[in-house]
Amino acid sequence: MASKNILINLAKDDFEKDEEIISIVSGAFEKHINGKNTVRAGLVIATNKKLDL
């Protein structure tokens, strides 16, 4: 997983003008891709407008 700060800055590029981060959770989650279960690591960012994965 890339640096937490790098991932946060990448997510902020898509934020609306008045959007603010409320909470950030880092970890791993299982995802089903092309018929296979895959573990992905990353951040879940909750803002006052949406959730970003």
Side-chain angles (χ1 to χ4, degrees):
M1 178 171 71
S3 165
K4 189 174 181 178
N5 291 332
I6 290 172
L7 293 175
I8 292 169
N9 287 332
L10 287 171
K12 284 182 178 180
D13 289 343
D14 293 329
F15 282 11
E16 296 174 15
K17 186 176 181 179
D18 59 346
E19 197 165 2
E20 299 174 10
I21 293 175
I22 295 172
S23 182
I24 300 172
V25 177
S26 62
F29 59 95
E30 190 173 332
K31 186 169 181 156
H32 194 74
I33 301 174
N34 294 331
K36 298 179 183 177
N37 287 332
T38 305
V39 176
R40 304 289 304 233
L43 301 176
V44 175
I45 302 172
T47 72
N48 58 332
K49 305 242 181 197
K50 63 187 173 205
L51 288 174
D52 274 338
L53 300 176

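- Summarising the geometry of Leu7 relative to Leu43, their closest heavy-atom pair is CB-CD1, 3.6 Å, with the distance given to 0.1 Å.
- For Asn34, the CG atom is loosely surrounded, since the number of other residues' heavy atoms within 6.0 Å does not exceed 12.
- Taken to the nearest 0.5 Å, the CD1 atom of Ile21 stands 4.5 Å off from the NZ atom of Lys12.
- We find the CG-OG1 distance between Asp14 and Thr47 to be 11.0 Å, quoted to the nearest 0.5 Å.
- Separation of atoms CD (Glu19) and NZ (Lys50) is listed at 4.0 Å; rounding is to 0.5 Å.
- Considering OG of Ser26 and CD1 of Ile45, their distance stands at 10.5 Å, rounded to 0.5 Å.
- The salt bridge (Lys or Arg N to Asp or Glu O under 4.0 Å) pairs that include a residue from residues 24-45 number zero, where partners must be two or more places apart or lie in different chains.
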